[in-house]
Amino acid sequence: MRGRLGLLVVAMAAGAAASPDEPGLLVARVDRLRAEGDLDTALEHARDGRERFPDAIDLHARYQDLCRSLGQEAQVRAEYRRRWRSNKTVESICLYARLLEGRAAEREYRHALRLEPDHFWAHYGLGTTYLGMGDLAGARHHLELAQTLRPDVAAPKIRLGRLAEREGDLEEALRCYRLAARVAPDVPDPLFHEFFALLALGDRGGAGAVAERLLAHRAPDAASLGHIARGLLYSAGGDPAAAAAEFGASVRVAVRFGGHALVLLGDALADVGRIDEARQAYEEALARNARNVRARLGLGYLLYRQGDLRAADREFAAAEDEAKRTDPRNAAQPCLFRGFLAEEAGRESQALHHVLRALRYDREDATAWLALGALYERMEQASKAQAAYEEAARLDEAGALAPFQAGLVAADLKRGNRSLELLEEAVRRDPGLLDAYLAAGSVCQDLLARPRDAKDWYRRYLDRGGSDPRVHDWLAE
């Protein structure tokens, strides 16, 4: 899971700046108070606003989000459930549904659409819910309908961009984010998502230009996001100290995304060995939001580095519990970490249990398949190990480790032809993987009785700088 923030589930103001009517002015006032860190006063204004203007969904959304930030999630859910029961309008159903997750949210949004089939927020909420559940076809259908109903609102376009990223289409994601930025120039979120898409495409220059645009943007959140973007560029360039400075600056000016900045700050501090400060950053992020999965993962990894495996497992378990409530695919990573801890403690069967559960959360997690292959290999179940490694190689089309490991196991099983195919694939993906040349030479020599091919592999090994002295003896035979 990458260090990346999501959108607010409902972003009513994403389509344009605050309108000049009174609800719009109240929204602006709430946002300003929140930016200044005065959450209690912001909550009072949001509470007053939604009572005076009961149809202003953006005021309700801000009230709900502030309640969550202040640890009042159970109370606000109960309150909106009562509202829904007493006033079953489509708006009240949608406002209740956005406080739910998974199938429970799906049921409410579908109820809203039965009452009003062309309701924008019902389609948007249902599309967002399906995206979190991994139903990409359902997400696309409802988000595209929402976009058609309100082409002036950025939020569906951003969600469609996230969907395109899930499908591996970064160019389409970039197009969606740029469309969102055009319809919502006063909102920094589309720019931040554009930054990530450019970074994933390898366009660091373009990503850097977007980071500077964020820093120059006038929205309260933009400077925080700009510092995060700069920090990520420094991290990608191998300068964790500069990255930590940028993430620290982001925390100081953060409005919505302080928790996200704190997690990135913790990551950067951990990279430069400032463990105590990193732990403080993660713990502060959790104090702001106990449901921050990335903060729990970071804290768990720190505890692991400090040798406290039991405490680390508690954090990973909490991260898994939280992630499976919101986006089950994201529960795979903490589950996998629990498997690594169990393996390190010598509990192979428990490790296998965790890794298999990780794959139930996300069947397309190549790292989990690699871990499964390693476990099966350690448990002397070579055929299962080879199959797991090959699945990892299929899912991660660029990585050389999975086909290399699969090739080694196939050789152990005397499957010479398949072993050679896999080792050739490993070399194709990473021509600098010297051990693959040695292994391929050995397969040709010992399993396939092809001495000329074996010598060719050994020469290629030496040509690339290999230094195993045995190779000269093999070539002399």
Side-chain angles (χ1 to χ4, degrees), residues 202 235-240 271 273 304-305 336-337 339-346 348 351-352 355 359 364-477:
S235 291
D239 191 346
D271 283 345
Y304 160 73
R305 286 176 62 176
L336 196 55
F337 281 145
F340 293 151
L341 290 180
E343 182 186 26
E344 186 152 314
E348 290 178 357
L352 182 62
V355 172
L359 287 167
E364 297 185 357
D365 188 327
T367 303
W369 284 104
L370 264 175
L372 183 61
L375 272 172
Y376 278 140
E377 193 173 359
R378 185 167 170 176
M379 298 167 74
E380 299 182 351
Q381 299 185 38
S383 290
K384 289 184 177 180
Q386 182 187 336
Y389 285 139
E390 290 204 37
E391 182 64 10
R394 183 187 71 80
L395 292 167
D396 179 6
E397 297 179 355
L401 180 59
F404 174 62
Q405 292 297 132
L408 294 181
V409 176
D412 291 340
L413 291 167
K414 310 301 182 189
R415 299 170 178 171
N417 288 321
R418 183 55 182 157
S419 174
L420 186 60
E421 289 173 359
L422 290 162
L423 293 168
E424 286 172 339
E425 177 63 16
V427 168
R428 185 190 68 77
R429 296 183 183 191
D430 181 3
L433 185 56
L434 295 181
D435 285 347
Y437 295 90
L438 277 182
S442 177
V443 167
C444 290
Q445 181 176 329
D446 300 332
L447 297 180
L448 300 176
R450 289 159 49 180
R452 287 186 179 179
D453 290 338
K455 288 183 178 182
D456 180 58
W457 280 104
Y458 294 145
R459 290 190 189 97
R460 291 168 67 186
Y461 168 78
L462 292 174
D463 289 344
R464 290 204 166 263
S467 57
D468 191 323
R470 297 174 298 171
V471 173
H472 295 285
D473 296 332
W474 293 331
L475 286 172
E477 291 178 0

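Not measured: the values here are computed from a predicted model. Residue indices begin at 1 and follow the sequence shown.
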- Evaluation steps, side-chain contact (heavy atoms from CB on, under 4.5 Å), between D453 and L448: CA-CA 10 Å; D453 290 338; L448 300 176; over 6 Å; no
- Query: Hey, does W474 have a side-chain heavy atom less than 4.5 Å from the side chain of L438?
  - Reply: yes
- Item | Minimum-distance pair of heavy atoms, taken over all atoms of V427 and A436 | CG2-CB, 3.6 Å
- With sequence neighbours excluded, what pairs up with R394 under the salt bridge (Lys or Arg N to Asp or Glu O under 4.0 Å) test? E391
- Item | Interatomic spacing from OG in S442 to CG in L420 - rounded to 0.5 Å | 11.0 Å
- Message: With side-chain contact (heavy atoms from CB on, under 4.5 Å) as the criterion, how do E424 and S419 come out once you've worked through the C-alpha distance, each side chain's angles and the decisive distance to 0.1 Å?
- Response: CA-CA 9 Å; E424 286 172 339; S419 174; over 6 Å; no
- Message: What verdict does the side-chain contact (heavy atoms from CB on, under 4.5 Å) test give for V355 and L375, after you've listed the backbone C-alpha separation in whole Å, the side-chain angles of each residue and the deciding distance to 0.1 Å?
- Response: CA-CA 9 Å; V355 172; L375 272 172; 3.7 Å; yes
- Between the CG atom in L352 and the CG atom in L372, the distance rounded to the nearest 0.5 Å is 6.5 Å
- Query: What pairs with T367 under side-chain hydrogen bond (donor to acceptor under 3.5 Å, both in side chains), at least two apart in sequence or on another chain?
  - Reply: none
- Message: Any non-hydrogen side-chain atom of R464 less than 4.5 Å from a side-chain atom of P431?
- Response: yes
- Task: May I ask you to decide if C444's main-chain N or O and R450's side chain share a donor-acceptor pair within less than 3.5 Å?
- Result: no
- Message: List the residues meeting side chain to side chain contact (heavy atoms under 4.5 Å, CB included) with R452, not counting sequence neighbours, and say none if there are none.
- Response: none
- Query: Should D463 and Y458 be marked as a side-chain contact (heavy atoms from CB on, under 4.5 Å) after you check the CA-CA gap, both sets of side-chain angles, and the distance that decides it?
  - Reply: CA-CA 9 Å; D463 289 344; Y458 294 145; over 6 Å; no
- Message: On a heavy-atom basis, which atom in G339 and which in A351 lie closest, and how many Å separate them?
- Response: O-CB, 3.4 Å
- Item | Side-chain (Y437) to main-chain (L423) donor-acceptor, under 3.5 angstrom | no
- So CD of E364 and CH2 of W369: to nearest 0.5 Å the spacing works out to 11.0 Å
- Return the minimal non-hydrogen interatomic distance between A406 and E390, and the atom names on each side. CB-CG, 3.8 Å
- Can a donor-acceptor pair be found between the side chains of Q386 and Y376 at a distance below 3.5 Å? no
- Contact check, side chains of L462 and H472, non-hydrogen atoms, under 4.5 Å: yes
- Is there side-chain contact between Y389 and P403, with heavy atoms separated by less than 4.5 Å? no
- Message: Any salt bridge linking R378 with E343? Criterion: basic side-chain nitrogen under 4.0 Å from a carboxylate oxygen.
- Response: yes
- Can you name the closest pair of heavy atoms from A385 and V409 and give their distance? CB-CG1, 4.4 Å
- For the atom pair CG (L370) and CG (D396), what is the distance rounded to the nearest 0.5 Å? 7.5 Å
- Message: What's the separation between atom CZ in R415 and atom CG in L422, rounded to the nearest 0.5 Å?
- Response: 10.5 Å
- Of all heavy-atom pairs between G399 and R429, which one has the smallest distance, and what is that distance? O-NH1, 2.6 Å
- Note on the structure: For G416 and V443 the tightest heavy-atom approach is O-CG1, 3.5 Å
- Taking C-beta and beyond as the side chain, do E344 and Y304 meet within less than 4.5 Å on heavy atoms? yes
